[in-house]
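Atoms within each ligand, like the ligands themselves, are counted from 1 in listed order.
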Amino acid sequence: MTLDGGCNYILLKPMDKVQAFEFDGAAAKRGLIDPFGRAISYLRVSVTDRCDFRCVYCMAENMSFLPKAEILTLEEVDRLCSAFVARGVRKLRLTGGEPLVRRGIMTLVNSLSRHLRSRELDELTLTTNGSQLEKYAHDLRAAGIRRINVSLDTLDADKFRAITRWGALDKVLAGIDAAQAAGLKIKINAVALKGVNDDEFPQLLEWAHGRGMDLTLIEVMPLGEIGEGRLDQYLPLSLVRARLAERYRLDDIDYRTGGPARYVRVAETGGRLGFITPLTHNFCESCNRVRVTCTGTLFMCLGQEDAADLRKPLRASEGNDLLYAAIDEAISRKPKGHDFVIDRRHQRPAVARHMSVTGG
Ligand code: SAM
Ligand code: SF4
């Protein structure tokens with residue numbers, strides 16, 4: 001049987017061998033340090049480029065997706081993740097596309113959870129649009145997942161449909177209920193969209209904090225051709241923060257989750273509000289993460305085109321020497337940072353790939 005539950009993927013490993021991907025040797029013991037002295041401790045893995053939504057800032061309405069044959073099997077995803085864990089990655093985030101629409105996803109999660117039990121991983125988590133959470137919340141919690149990010153830009157059902165094109169708000173809200181009932185901590189991520197949800201942040205904030213959830217606002221990033229101008233969508237969070245500060249007391253706090261968000265405590269609600277500001281405030285100097293796509297392409301920076309193919313060394317042999325060498329070589333090329341700009345002169349995507357390819 002394959003981790004994919006016997007679907008179309010090429011069978012590379014019997015299931016029982018997946019548990020045996022433990023790596024020894026000197027290479028496995030070395031941590032990953034980039035040319036700027038940053039230790040790479042966080043891997044985001046896009047397990048599929050497919051999604052059951054078509055959010056306007058993320059995808060064009062008519063997306064063409066990768067042929068299945070190009071996509072890593074779940075055994076290969078497991079092996080790749082485990083290689084990074086052996087090289088010092090302490091936090092693993094599954095993302096996509098929508099990670100919970102990948103067939104057999106729970107088999108992968110259950111398999112990766114062995115690294116939590118062995119304490120090599122501090123956290124296994126995922127970012128989801130919430131549409132499948134009702135179905136998976138309990139199993140995710142049972143597999144050792146403690147916190148998840150759910151993306152939700154509005155609490156207005158019509159707006160939600162307009163933003164996601166295909167999504168249904170009540171399904172996502174039911175998913176959030178199920179996740180909280182299962183004991184998962186939730187952070188809500190909302191992309192700030194000019195003229196769409198910018199009147200809703202106080203409501204979103206009070207709703208999230210009222211349910212014990214953090215809220216993080218994200219600036220739209222210029223990734224991929226989406227069929228409309230970014231300038232129309234882009235709302236600087238410096239502006240949002242200033243507006244919220246007229247209504248609430250926002251106290252800067254040191255809280256960090258290993259991601260790029262800067263947090264404040266909202267005095268009136270007692271909850272945390274995060275800002276991810278790749279455009280108005282660049283956070284690259286503390287970047288500890290890399291991203292791998294569902295085809296095994298490693299991106300050392302979300303905002304740059306440079307990438308390394310890890311599928312080839314992964315498939316070239318059963319041992320991991322070639323894979324480690326490719327990872328080392330790639331990390332030695334990790335750039336200092338990205339240079340996103342959205343203004344009247346820069347309305348083209350900074351990089352051609354969509355966020356759903358590299359994962360958020
Ligand atoms: N489908 C899952 C979801 O929506 O949570 C996981 C993948 S999605 C690409 C991850 C995050 O990226 C989401 O919070 C989404 O809102 C965000 N995102 C997508 N495109 C973006 C863009 N162009 N700029 C900023 N954030 C974006
Ligand atoms: Fe799908 Fe997430 Fe992209 Fe929306 S943001 S289209 S839910 S991958």
Side-chain angles (χ1 to χ4, degrees), residues 44-63 65-66 93-102 105 125-133 136 147-154 160-169 171-172 175-176 179 186-194 196-197 204 208 214-237 259-261 274-280 283 289 291-294 299 302-303 338 340-342 347-360:
R44 295 190 177 202
V45 187
S46 175
V47 295
T48 176
D49 63 332
R50 287 158 200 257
C51 187
D52 51 350
F53 291 3
R54 291 288 179 279
C55 302
V56 291
Y57 47 76
C58 178
M59 294 192 181
E61 186 149 24
N62 299 313
M63 292 286 288
F65 294 105
L66 294 162
R93 177 178 299 280
L94 305 181
T95 177
E98 173 48 41
L100 296 181
V101 302
R102 171 93 195 232
I105 186 67
T125 184
L126 83 162
T127 300
T128 173
N129 65 21
S131 69
Q132 309 296 315
L133 262 183
Y136 287 118
R147 300 187 306 167
I148 59 171
N149 290 353
V150 179
S151 305
L152 179 65
D153 306 323
T154 176
F160 185 86
R161 168 65 65 149
I163 294 172
T164 62
R165 290 193 185 106
W166 295 4
L169 178 66
K171 190 101 183 69
V172 173
I176 290 173
I186 298 180
K187 177 162 80 74
I188 300 290
N189 282 339
V191 175
L193 298 164
K194 188 163 77 181
V196 178
N197 62 357
L204 209 50
D214 291 346
L215 171 70
T216 295
L217 302 177
I218 306 174
E219 279 172 353
V220 159
M221 288 175 256
L223 301 177
E225 203 53 77
I226 51 161
E228 54 187 285
R230 294 280 174 192
L231 195 60
D232 294 340
Q233 301 178 336
Y234 174 54
L235 178 63
L237 287 185
F275 297 93
I276 299 186
T277 54
L279 289 111
T280 52
F283 41 68
R289 73 207 74 107
R291 295 171 161 86
V292 70
T293 70
C294 59
F299 285 97
L302 180 63
H338 61 68
F340 292 142
V341 185
I342 299 180
Q347 290 206 49
R348 309 288 311 153
V351 293
R353 63 185 187 280
H354 292 90
M355 190 74 153
S356 52
V357 173
T358 356

Cys55 heavy atoms, cut-off 4.0 Å: which ligand 2 atoms fall inside? 4 (Fe), 5 (S), 6 (S), 7 (S)

Relative to the heavy atoms of Phe53, which atoms of ligand 2 are at a distance of less than 4.0 Å? 6 (S), 7 (S)

Would the distance check show the side chain of [X] and the main-chain N or O of [Y] forming a donor-acceptor pair, the cut-off being under 3.5 Å?
X	Y	value
Asn189	Ile218	no
Arg165	Met59	yes
Asp49	Gly97	no

Atoms of ligand 1 close to [X] [distance to a heavy atom under 4.0 angstrom, numbered from 1]:
X	answer
Thr95	6 (C), 7 (C)
Val220	24 (N), 25 (C)
Gly97	1 (N), 2 (C), 6 (C), 7 (C)
Gly96	7 (C), 9 (C)
Thr128	2 (C), 3 (C), 5 (O)
Val191	16 (O), 26 (N)
Cys58	19 (C), 20 (N)

Closest non-hydrogen atom pair, [X] against [Y]:
X	Y	result
Glu61	Trp166	OE2-NE1, 4.4 Å
Arg50	Leu66	NH2-O, 2.8 Å
Ile186	Ala179	CD1-CB, 3.7 Å
Ala190	Leu215	CB-CD1, 4.3 Å
Val191	Asn197	O-ND2, 2.8 Å

Would you please determine whether Glu219 falls within less than 4.0 Å of ligand 1 on a heavy-atom basis? yes

Has Cys51 got an N/O/S atom less than 2.8 Å from atom 4 (Fe) of ligand 2? no

Any non-hydrogen atom of Gly97 lying under 4.0 Å from ligand 2? yes

Nearest heavy atom to atom 3 (Fe) of ligand 2 wins, so pick from Cys58, Gly96, Ser131. Cys58

Going by distance alone, is a donor N or O of one side chain under 3.5 Å from an acceptor N or O of the other, for Arg93 and Thr127? yes

Would you please say whether a donor-acceptor pair under 3.5 Å links the side chains of Glu98 and Thr128? yes

Sub-3.5 Å N/O-N/O distance, Glu98 and ligand 1: yes

So, is Tyr57 polar-close to ligand 1, with some N/O to N/O distance under 3.5 Å? yes

